[in-house]
Amino acid sequence: MGVRLRGIAAWRRTLAAPLLVALGVSAVGAQIEPYNGLEPPDLLELTGHVGKPARNETGGWDLVLGDRFKRRTWHFHLFHMRVLNSGRLPMDILSAVEPYTPNFYLFAEQPDQTKAIEAATPTDRLVITGYRRRGSRNILLTDVRLLPPPTPAATGVPP
């Protein structure tokens with residue numbers, strides 16, 4: 001009886017292998033998932049300024065950024081966001097974190113990164129870059145840059 005069951009199982013495997021090949025399914029490839037089922041994190045670039053929006057500013061998102069290891073938060077007016085390494089849309093990420101306060105928690109590897117956020121004024125443009133996993137509000141900071149305020153456009157008339 002045991003021999004007969006082994007024969008049926010072998011018979012099924014013999015028929016299943018050519019059927020999978022004919023359908024274009026690799027038996028080995030179907031079992032392997034990249035990153036053990038986890039997607040690679042998104043690399044976000046947030047551009048804005050610290051503080052509430054000015055009266056003449058229209059559009060953008062008012063975010064609250066929290067320092068994960070200390071009990072402090074920053075108001076951040078976001079006017080440009082890019083996802084640098086995937087096809088995910090920034091609006092999908094922002095709408096997912098909108099109901100929460102703080103919207104994002106920042107994890108800094110060096111204390112200089114959070115000091116740059118503290119030193120920023122509402123006139124400085126701030127570019128925050130970091131990794132975030134899908135479904136998470138945590139951002140692992142990779143870079144925080146302070147940009148000077150934009151200068152007025154030149155008139156084009158030589159002096």
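Because the structure is a prediction, the values reported are computed rather than measured.
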Notebook entry, point to check: Does the side chain of Val83 come within less than 4.5 Å of Pro90's, by heavy atoms?
Noted result: yes

Notebook entry, point to check: What pair of heavy atoms forms the shortest contact from Pro102 to Gly66, and how long is it?
Noted result: CB-N, 3.8 Å

Margin query: Is there a side chain to side chain contact (heavy atoms under 4.5 Å, CB included) between Ile117 and Leu126? Walk through the geometry before answering.
Written below: CA-CA 8 Å; Ile117 297 172; Leu126 192 63; 4.1 Å; yes

Check: Would you say Arg134's side chain and Ile93's backbone share a donor-acceptor pair under 3.5 angstrom?
Finding: no

Note to self: Donor-acceptor check, side chain of Arg137 to backbone of Val97, threshold 3.5 angstrom: yes or no?
What the structure shows: no

Check: For the atom pair CG (Leu84) and OH (Tyr131), what is the distance rounded to the nearest 0.5 Å?
Finding: 9.0 Å

Next item on the list: Check whether any side-chain N or O of Ser95 sits under 3.5 Å from a backbone N or O of Met91 as a donor-acceptor pair, and report yes or no.
Entry: yes

Item checked: Other cluster members, Tyr105 - Ile/Leu/Val/Met/Phe/Trp/Tyr, side-chain contacts below 4.5 Å -> Phe69, Phe107, Leu140

Checklist line | Pairwise distance CZ(Phe76) to CD1(Ile128) - rounded to 0.5 angstrom | finding: 4.0 Å

Check: Backbone N or O of Pro41 within a donor-acceptor pair of the Asn85 side chain at under 3.5 Å?
Finding: yes

Margin query: For Thr142, is there any backbone N or O sitting under 3.5 Å from a side-chain donor or acceptor partner on Thr129?
Written below: no

Next item on the list: Please step through side chain to side chain contact (heavy atoms under 4.5 Å, CB included) for the pair Thr47 and Val127, ending with a clear verdict.
Entry: CA-CA 5 Å; Thr47 306; Val127 180; 4.0 Å; yes

